[in-house]
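Accompanying notes for the structure given below.
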Amino acid sequence: MDYNKLAELLFPDIQKTPADYEALYPPRENAEHGACITRLGPSPTGFIHLGNLYGAFVDERLAHQSKASDGTGGTFFLRIEDTDDKRYVEGAVETIINSLGFFDIKFDEGAALDGHDSGNYGPYYQSQRGPIYQAFVKELIRKGQAYPCFLTEDDLAAIRQEQEANKETTGIYGKYAEKSRNLSYEEIESNIAAGKPYVIRLKSSDTSTANPDSKVSYEDHDGVTYISIVDGIRGKVAMPANDQDVVILKANGIPTYHFAHVIDDHLMHTTHVVRGEEWLMSLPIHVELFEKLGFELPVYCHTAVLMKIDDETGNKRKLSKRKDPELSLDYYRKEGYHPKAVKEYLLTILNSNYEEWRAEHPDADIDEFQFTTDKMSSAGALFDLNKLMDISKDVLLGIPAEELAAFMLNWAQEFKPQAAPLLENQEYLSKILDLGRHDKKPRKDLIHAKQIFDFISYFYDEYFTIEERIPEQVSDEDAREILTRYLETYDHSDDQSEWFEKIRTITADLGYAVKPKDYKKHPEEYKGSVAHVSTVIRIAVMGRSQSPDVWAIQQILGEERVRSRISQLIG
RNA sequence: GGUCCUAUGGUCAAGCGGUUAAGACACCGCCCUUUCACGGCGGUAACCCGGGUUCGAUUCCCGGUAGGAUCACCA
């Protein structure tokens, strides 16, 4: 078989050679000097989830934390993996860039919002890289390492059926590949002339001696060749070498993921490939491809899958986009989690030593943390909403009230538009949000926008309702008496101690204990304590028994509102 | 089913041959407090099972078990 002739038959229009592309995309300066080049390669399905963010975060940190010896940083680029035309969703690229941007993850290069790619290694849409892939496929054909295959779907199904019946591994390999591998030039030519569709398959073979500089080690176990590489996260991983004649070019001339990945990450000089664990099993294919093509293997970092406990079965399982709303990045935006909190949480499950670092550097910027892949867990982490909330409390405490107020408004405008006009009074909102945050023991009860709004809703008449009943220690008559006297003696200009002194007076006059301890010790001597009296006032003014300091709240509410709420209750 | 990954309290996790087996979240109790929250103190709770190797295994090896991943002209 004359492979050169075959290559020309298959790709008559492809003139450029791999060497041409190597020249077109020379090595990157910063990578040559030790910086990391990473990439995010999403398929444009329009759905961007927590897993994407998780991976993107690793990519971003790796690139931007690395420094070349000449001082320049690494590069993080966006490549759209749209080799499957069925999956493309309009506006998906915008969604990806905006969603990640919300979490402060920015690309240095690649596909961009305005549709104009930036960078010297494009195009960054795989669908536009057809000729590049084909040039490399043509080269493989020329070397007899790939071949056209005319098997139809029915043929494939029949083979699969036979293999399943025989309990053999499915796929095109060994004897199942022979027929297609051994097609003569004439047969191929007439098939093509007849317009039969075909794919290009890799002619799988032993690569153990193909590349002397290889990072791959080969070992034989019971006659099977095993490859092993060092994964950035998992360390050594070993598995049987590939023996499948996988398709590298689909009938439509577009490559499969496997081939596109190898060509792109080589030509774009990616140093670290961060991807989900679900790719681990196809690693042997990629290794064979890298070896055959003579490319240097990137460092693979296979991240663990995010899990959750299934409500029905009680088992751990992969987060699913259909069943788990918290997987969607939109969920966090809707709930109004601050991006910093989500990032902070992600980092705690990403790097086991992060929490420790944070404890030592409570005020440091998150980017100062030295992120390392070897501190990443290789087991699937369970997503813990509780923990996120806890972390969020701390993060929010570090954000100035004014900034938080603006954040709240933004959130409301998008997700709670009927309340947004109320929040436009940013000065009022800021005061509310700042309540109790500057004491020696600051309050930590702000978690996310939705919860915060609920928490502070009584500051707005439109949302004020009496939500709780008065404590059982207090009779209805006493409650009325407490409120009446409170209103009579109320002076908005009282300072906190003057104000509280009046409450003590009412408390004592009505037969309640001024010190809660007294009531606790001698419950028979009192109707209740000052705590119960305070609660009555609290419920009248705030509608609930849980809130920050009453006096401080009243100062913000203003005298008029305080008086009218109480008189309304007295009737 | 084949292959691969993983296995420490309810959850996330330190540990890398000898430890009273850290810490965080959640939970419970007490204290502080005009409520709640915050904070402080304390508490319940863990090395999947069976074989080896070893003076000694949570740690190393081999089996099992369990969970997960993957087996496309999808990524």
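All chains are named by letter (A, B, ...) in the order of the sequence lines, taking the proteins before the strands, and each is independently numbered beginning at 1. Because the structure is a prediction, the values reported are computed rather than measured.
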Please work out if A:Gln496 contacts a base, only the sugar-phosphate, or nothing of the nucleic acid, heavy-atom cut-off 4.0 Å.
base
P gap between B:C48 and B:G10, integer Å:
12 Å
Hey, is A:Arg485 close enough to A:Asp509 for a salt bridge, meaning N to O under 4.0 Å?
yes
Testing B:U34, B:A37, B:C4 for proximity to the side chain of A:Leu280, the answer is B:C4
Looking only at side-chain N and O atoms, does A:Tyr133 offer a donor or acceptor that is under 3.5 Å from a partner on A:Asp264?
yes
Any-strand Watson-Crick or G-U partner of B:U33, both distances under 3.5 Å:
none
If pairing requires Watson-Crick or G-U wobble contacts with both distances under 3.5 Å, which nucleotide is the partner of B:A7?
B:U65
Nucleotide opposite B:G1 in a Watson-Crick or G-U pair, distances under 3.5 Å:
B:C71
Whom does B:A22 pair with, Watson-Crick or G-U wobble, provided both distances fall under 3.5 Å?
none
Ring centroid separation A:Tyr257 to A:Trp279 under 6.0 Å:
yes
Can a donor-acceptor pair under 3.5 Å be found between the side-chain atoms of A:Arg538 and the base atoms of B:C36?
no
With the side chain of A:Val199 defined as its heavy atoms from C-beta on, choose the nearest nucleotide among B:C25, B:U34, B:C73.
B:C73
Does a side-chain N or O of A:Thr83 approach OP1 or OP2 of B:A75 to a distance below 4.0 Å, or not?
yes
Same-atom distance (C1') from B:G15 to B:A57, integer angstrom
13 Å
Check this for me, if you would: do A:Glu164 and A:Arg160 make a salt bridge, where the nitrogen-to-carboxylate-oxygen distance has to be below 4.0 angstrom?
yes
Between B:C36 and B:C31, how far is it from one P atom to the other, in whole Å?
12 Å
Distance between C1' atoms of B:C60 and B:C28 (Å, rounded):
39 Å
According to the Watson-Crick and G-U wobble definitions, with both distances under 3.5 Å, which nucleotide is paired to B:C16?
none
Under a 3.5 Å limit for both distances, which nucleotide forms a Watson-Crick or G-U wobble pair with B:G56, could you say?
none
Quick test of your reading of the model: are A:Glu81 and A:Arg275 salt-bridged, counting only N-O distances below 4.0 Å?
no
Considering only atom P, compute the distance from B:G9 to B:U3 and round it to an integer number of Å.
28 Å
Using a heavy-atom cut-off of 4.0 Å across all strands, would you classify A:Thr170 as base, sugar-phosphate, or nothing?
sugar-phosphate
Under 4.0 Å between a side-chain N/O of A:Lys515 and OP1 or OP2 of B:U34, yes or no?
no
Pick base, sugar-phosphate or nothing for A:Ala238, based on heavy-atom distances below 4.0 Å to the nucleic acid.
sugar-phosphate
Heavy atoms only, 4.0 Å cut-off, all strands: where does A:Trp551 land among base, sugar-phosphate and nothing?
nothing
Once hydrogens and angles are ignored, does a donor-acceptor distance under 3.5 Å link the base of B:A24 to the side chain of A:Lys387?
yes
Got a salt bridge between A:Arg234 and A:Glu277, using NZ or NE/NH1/NH2 to carboxylate O under 4.0 Å?
yes
Given B:U34, B:C73, B:A75, identify the nucleotide with an atom nearest to the side chain of A:Arg201.
B:C73
Complement of B:U44, any strand, by Watson-Crick or G-U distances under 3.5 angstrom:
none
Side-chain atoms of A:Met281 come closest, of B:G39, B:U70, B:U34, to B:U70
If you look at every strand shown and take non-hydrogen atoms under 4.0 Å, does A:Tyr226 touch a base, only sugar-phosphate, or nothing?
sugar-phosphate
Decide yes or no for A:Ser282 and A:Gln244: does some side-chain heavy atom of the first lie under 4.5 Å from some side-chain heavy atom of the second?
no
Give a yes/no on whether any side-chain N or O of A:Lys393 is located under 4.0 angstrom from OP1 or OP2 of B:G39.
no
Assign A:Leu151 to base, sugar-phosphate, or nothing according to its heavy-atom contacts below 4.0 angstrom with the strands shown.
base
Walking RNA chain B from its 5' end, the first of A:Glu81 and A:Pro548 to be reached, judged by nearest nucleotide, is A:Pro548
Among the nucleotides B:A26, B:A75, B:U34, which one has an atom lying closest to any side-chain atom of A:Asp390?
B:A26
Quick check for you: among B:C4, B:C5, B:U34, whose closest atom lies nearest to any side-chain atom of A:Met239?
B:C4
Check every atom of B:U34, B:A37, B:G39 against the side chain of A:Ala531 and return the nucleotide holding the closest atom.
B:U34
Judged by nearest nucleotide, the residue sitting upstream toward the 5' end of RNA chain B, A:Val237 or A:Lys517, is A:Val237
Is there a donor N/O on one and an acceptor N/O on the other, under 3.5 Å, for the side chain of A:Ser534 and the base of B:U34?
yes
Residue A:Leu156, side-chain heavy atoms: nucleotide from B:A75, B:C73, B:C36 that is nearest
B:C73
